[in-house]
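To start, the structure under review is shown below, and the notes come after it.
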Amino acid sequence: MQGSDKNRKVKIFTANRFPNFHVQILLKPFLVFKRESFESLMANPRQPSIGYSVSITPSHPDTTSPDPEKISIPPPPLITPGAPRFPLPRFQQDQAPSPSLKTPNAPSPANGLKTGSPIPHLSTPPGPPVFTSPVRPAAVPFRASPATPQPVAFSPGSSLPTSSPLNFSNGSHELQHELSNVAEDDIVSVGESPYVLFSAHKVLKQKKQANIPSLGFGALVSPGREISPAPQIIQRDPHRCHSCGAYANIYCKILLGSGQWQCVICRELNGSEGEYIAPSKEDVSNFPELSSPMVDYVQTGNNRPGFIPVADSRMSAPIVLVIDECLDEPHLWDLQSSLHAFVDSLPPTTRIGIILYGRTVSVYDFSEESIASADVLPGEKSPSQDSLKALIYGTGIYLSPMHASLPVAHAIFSSLRPYKLKIPEASRDRCLGTAVEVALAIVQGPSGEMSRGVIKRSGGNSRIIVCAGGPNTYGPGSVPHSFSHPNYPHMEKTALKWMEHLGHEAHRHNTVVDILCAGTCPVRVPILQPLAKASGGVFVLHDDFGEAFGVNLQRASTRAAGSRGFLAIRCSDDILITQVVGPGEEAHMDTHETFKNDTSLYIQMLSVEETQSFSLSLENKRDIMTEYVYFQFTIQYLNVYQADISRVITIRLPTVDSVSAYLASVQDEVAAVLIAKRTLLRAKNYSDAIDMQATIDERIKDIALKFGSQAPKSKLYRFPKEVSLLPELLFHLRRGPLLGSIVGHEDERSVLRNLFLNASFDLSLRMIAPRCLMHREGGTFEELPAYDLAMQSDAAVVLDHGTDVYIWLGAELAADEGKSAAALAACRTLAEELTELRFPAPRILSFKEGSSQARYFVSRLIPAHKDPPYEQEARFPQLRTLTTEQRTKLKSSFLNFDEPSFCEWVRSLRVVPPEPS
């Protein structure tokens with residue numbers, strides 16, 4: 001290597017070591033529309049309960065106190081005995097509706113849509129288990145991995161307009177009889193979109209009733225979701241409202257003679273340059289945007305410099321591994337196994353770079369085929385421009401496609417050596433910040449390909465994946481080894497700002513930084529988290545560098561991601577957006593020169609990925625006089641194939657006067673997720689979490705008071721039957737790991753909280769309410785409510801709680817080695833099927849009844865054994881299939897604790913427990 005003598009080529013013995021540590025995933029910045037939150041109202045009853053006129057300000061979870069309510073999870077379905085058996089479909093969790101199976105009376109856990117048509121069975125893997133309950137329908141289609149992948153991303157192309165005033169102009173009200181509405185009621189189902197899930201499919205007209213905060217109204221937007229079939233593609237410029245910027249859509253009224261169309265947002269008439277002139281509305285409906293509520297406007301890169309068509313351009317984006325070399329031997333062994341498996345899994349066109357960090361930064365050179373060779377830079381300060389130039393413009397190759405560098409990568413990983421000095425894990429020097437700076441410089445290029453005169457514009461976001469085993473204690477962005485350091489608070493504050501700045505720099509260069517931590521050494525989560533958050537990456541904590549770490553390493557590198565994404569939200573003038581929470585920041589776009597009445601809300605997405613969602617809180621500005629309200633969501637992003645996408649989703653919801661009609665349209669699961677996300681946003685620490693438990697209690701009481709009725713000859717109130725599933729979902733939230741005391745370490749709680757706030761609907765739902773599946777003879781599974789009554793000693797049970805999956809073997813079953821081995825294998829197969837595409841991949845633990853690890857399983861089940869037999873049978877019908885002896889044995893196996901059952905908790909709130917569905 002020529003250049004600075006600080007860059008010298010040496011043989012490297014990588015001493016990678018990742019101690020286990022607690023890692024936090026900090027949520028991306030949140031947009032918070034400030035108003036009186038339900039939790040604030042409950043905590044301070046004397047505060048005014050209204051505040052509907054709000055200002056929109058960017059907010060971060062750790063610097064503001066946004067509205068509470070942000071998580072929803074459906075209660076486990078009740079299974080009736082003798083339910084027909086169906087083959088187990090291949091589930092593609094988190095990319096499609098949650099695959100929970102329920103009886104016909106139970107709601108779909110995937111989307112909360114109460115439909116009744118059966119869902120088609122998917123192909124069955126070899127020897128999979130079978131469910132006993134019928135498959136529930138799902139309005140959201142399952143992702144079928146299209147032959148041509150549809151990358152999830154949002155493009156920065158043009159700015160996106162949104163809502164605008166509801167005024168008629170150009171005499172449009174006089175032409176109403178001449179306007180033809182392209183969308184017929186029987187063509188489009190309101191409120192049903194795979195990208196947007198509303199908490200109700202109808203909107204109350206009366207402002208006072210609609211804005212009751214305990215139930216609330218809102219939507220979950222998943223802009224990067226992959227669906228099959230994908231939206232229709234339009235390769236031309238869209239027609240947009242000259243006033244507010246909204247797009248022409250299926251609900252627009254068309255003036256057939258002149259081709260003019262009326263905007264559904266502001267009611268203005270707009271021209272179409274004669275395109276929409278047609279003899280009949282049937283002819284007009286040939287335009288995709290006028291016949292489908294979802295369309296993609298695509299501008300390919302053929303006319304743009306730098307566009308390189310490749311077989312799969314998502315793989316042309318480089319991946320740089322930044323590896324901690326301060327690991328002890330046991331952790332290093334696990335890490336080496338995971339790294340070897342990782343590079344073996346990569347497509348041959350994927351370009352990879354490998355960097356190690358300790359006191360120095362070692363950048364591996366792929367031009368050396370016979371030895372593991374690296375250029376070494378000092379780690380105590382940021383690399384100088386001269387050092388980086390000497391590195392980048394030198395003879396070394398630091399990014400190389402896998403087909404040319406696989407043997408070298410294996411040699412590098414095999415050369416890693418454990419940490420030799422007798423220094424505690426937390427005190428070892430790690431220059432993580434400097435290593436990420438160097439990785440970012442290499443990603444920006446030029447790389448080894450530059451020397452051959454070829455510069456490729458990578459598709460989608462480049463990725464830097466940090467494999468960390470301890471805190472950043474050396475160089476820029478570091479903190480002292482000891483908390484007792486006299487200057488620790490100041491150094492911590494400086495490190496936080498530096499890491500956040502580095503994350504923003506990475507995002508500016510379309511590079512995502514994922515930080516995967518493992519081991520037993522605390523990694524100082526608050527210090528590292530801003531780096532991942534600001535770049536649009538994730539922060540994941542693992543127990544070790546074993547299986548779950550290896551799976552997440554692979555999924556982090558292969559998940560499709562778009563770049564330069566913007567989300568624009570526009571809605572009818574009667575609707576107010578009061579809060580937005582998700583992986584983005586408010587973007588201030590000046591579009592008034594083009595659209596004089598553009599009042600849309602713009603959000604800059606830090607990354608565009610399938611596993612993410614935004615939650616919106618909505619209110620009525622005033623009493624609604626129209627029959628429908630309209631919402632239009634526009635996602636602009638640059639996808640992994642270098643095409644500019646503008647995805648336009650338009651939804652129409654009917655308005656109603658009847659409270660019962662509104663309640664009947666409420667989607668319990670979506671509503672629960674929204675409530676949970678708003679609530680978790682305020683639960684920044686354990687003390688806040690305890691306070692939020694009290695707000696859940698107050699919420700249940702308020703919903704029963706405002707929407708329910710008083711029981712005859714009683715002081716108790718009946719919970720509205722239309723939303724009977726909601727209390728159990730919120731009870732799971734209240735006692736689970738997000739708000740309860742199941743998770744002991746604050747770092748773990750913070751990681752879960754921030755993951756949940758950004759998570760897709762499917763993952764959010766599972767993180768709130770676990771899904772319980774009991775193994776039966778012949779490899780079948782029966783879905784049951786997540787009650788402790790499922791702990792029958794002759795059975796095996798799978799419990800899916802989103803980030804964790806537990807397999808519990810009853811003592812009687814475990815005593816029979818043959819049966820227990822078969823049951824365990826079937827349960828393991830099921831667990832892997834359920835979480836096949838989930839990111840982060842959950843840890844899967846199996847244990848026997850009575851073991852110490854069984855507490856993880858027991859603590860997540862509702863203690864229904866305390867209820868009287870008639871209530872147990874009503875909510876857990878499977879008990880009726882047990883003999884008297886089996887029920888006696890089951891009853892005697894429980895230990896009594898002070899924790900209330902679901903029914904006891906509801907009654908303590910002076911509410912009658914809702915009837916099971």
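Reckoned from all heavy atoms, side chains included, excluding hydrogens, waters and symmetry mates.
Nearest heavy atom pair, residue Leu567 against residue Phe614, reads CD2-CD1, 4.0 Å. Of all heavy-atom pairs spanning Ala661 and Ser658, the tightest one is N-OG, 3.1 Å. Here the shortest heavy-atom pairing between Met605 and Pro223 reads SD-CG, 3.8 Å. Across Pro279 and Leu256, no two heavy atoms sit closer than the pair O-CD1, 4.4 Å. Counting all heavy atoms, side chain and backbone alike, Tyr297 lies closest to Arg236 at CD2-O, 3.5 Å. Annotation for Tyr195 and Met294: closest pair CD1-SD, 3.3 Å, computed over non-hydrogen atoms.
In this structure, Gln632 contributes its side chain and Tyr247 its backbone to a donor-acceptor pair below 3.5 Å. In terms of modelled atom types and a separation under 3.5 Å, the side chain of Asn270 and the main chain of His242 share a donor-acceptor contact. Side chain of Asn249 to main chain of Tyr251: a donor-acceptor pair is present (N/O by atom type, distance under 3.5 Å, no hydrogens or angles). No side-chain donor-acceptor contact under 3.5 Å links Arg699 to the backbone of Asp702. Between the side chain of Ser764 and the backbone N or O of Ala759 there is at least one donor-acceptor pair closer than 3.5 Å. Looking only at distances, a side-chain donor or acceptor of Asn620 sits under 3.5 Å from a matching main-chain atom of Leu204. Without hydrogens or angle criteria, Thr655 side chain to Glu627 main chain gives a donor-acceptor distance under 3.5 Å. Side chain of Ser199 to main chain of Gly218: a donor-acceptor pair is present (N/O by atom type, distance under 3.5 Å, no hydrogens or angles). Between the Ser572 side chain and the Tyr630 main chain, a donor and an acceptor come within less than 3.5 Å of each other. Not one N or O on the side chain of Asp697 forms a donor-acceptor pair closer than 3.5 Å with the backbone of Leu909.
Within the model, atoms OG of Ser615 and CG of Leu674 stand 6.0 Å from one another, a figure rounded to the nearest 0.5 Å. Considering OG of Ser222 and CZ of Phe761, their distance stands at 9.5 Å, rounded to 0.5 Å. Atom-to-atom distance recorded for Leu220:CG and Ser760:OG is 9.5 Å, nearest 0.5 angstrom. Of the inter-residue distances, the one linking Ile645 atom CD1 with Asn639 atom CG reads 4.5 Å to the nearest 0.5 angstrom. From Ile577, atom CD1 reaches atom OG1 of Thr599 across 9.0 Å, with rounding to the nearest 0.5 Å. Taken from CG in Leu733 to CD in Glu728, the straight-line distance is 13.0 Å, to the nearest 0.5 Å.
Side-chain contact between Pro583 and Leu606 is absent, with no heavy-atom pair separated by less than 4.5 Å. At a threshold of 4.5 Å between non-hydrogen side-chain atoms, the residues Glu289 and Ile234 count as touching. Taking the side chain as every heavy atom from C-beta outward, Asp598 and Cys244 never approach each other to under 4.5 Å. Looking only at side-chain heavy atoms (C-beta outward), Val629 and Ile624 come within less than 4.5 Å of each other. At a threshold of 4.5 Å between non-hydrogen side-chain atoms, the residues Ile649 and Ile651 count as touching. In this structure, Ile700 and Leu730 have side chains that are in contact, with non-hydrogen atoms separated by less than 4.5 Å. Arg564 has its side chain out of reach of Asp644: every pair of non-hydrogen atoms, C-beta onward, lies at least 4.5 Å apart. Within the 4.5 Å cutoff, side-chain heavy atoms of Leu653 are placed close to those of Phe217.
In this structure, Arg652 forms a cation-pi arrangement with Tyr628, its terminal cationic atom sitting closer than 6.0 Å to the ring centre and no more than 45° off the ring axis.
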Before giving the answer on side-chain contact (heavy atoms from CB on, under 4.5 Å), spell out for Val203 and Val656 the whole-Å C-alpha distance, their side-chain angles and the decisive distance to 0.1 Å. CA-CA 6 Å; Val203 178; Val656 293; over 6 Å; no
Any chance you could lay out the side-chain contact (heavy atoms from CB on, under 4.5 Å) test for Tyr276 and His239, step after step, and finish with the verdict? CA-CA 10 Å; Tyr276 292 162; His239 292 293; 3.2 Å; yes
Take Ser292 and Gln232 through the test side chain to side chain donor-acceptor pair (under 3.5 Å) and record every step on the way to the result. CA-CA 8 Å; Ser292 172; Gln232 283 190 276; 4.6 Å; no
If you apply the rule salt bridge (Lys or Arg N to Asp or Glu O under 4.0 Å), what do you find for Arg622 with Asp573, and how did you get there? CA-CA 9 Å; Arg622 59 185 74 86; Asp573 192 49; 3.5 Å; yes
Go through the steps for Ser285 and Leu290 under the test side-chain contact (heavy atoms from CB on, under 4.5 Å), then give the verdict. CA-CA 5 Å; Ser285 63; Leu290 301 181; 5.7 Å; no
Under the criterion side-chain contact (heavy atoms from CB on, under 4.5 Å), I'd like the reasoning laid out for Trp261 against Leu269: C-alpha separation, chi angles, the key distance, then a yes or no. CA-CA 6 Å; Trp261 58 277; Leu269 274 181; over 6 Å; no
Where do Ser607 and Gln612 land on the side chain to side chain donor-acceptor pair (under 3.5 Å) test, with the steps shown first? CA-CA 9 Å; Ser607 62; Gln612 300 171 341; 3.1 Å; yes
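Within a 6.0 Å sphere centred on CD of Glu915, other residues, nucleotides and ligands contribute 12 heavy atoms or fewer. Atom NZ of Lys205 is surrounded by more than 12 heavy atoms from other residues, nucleotides or ligands within 6.0 Å.
Under the 4.0 Å criterion applied to side-chain N and carboxylate O atoms, Lys202 and Asp657 are not assigned as salt-bridge partners. Salt-bridge check for Glu609 with Arg225: failed, with every basic side-chain N at 4.0 Å or more from each acidic carboxylate O.
Taking the six-membered ring where the residue is Trp, Phe631 and Phe198 present tilted rings, their angle falling between 30° and 60°.
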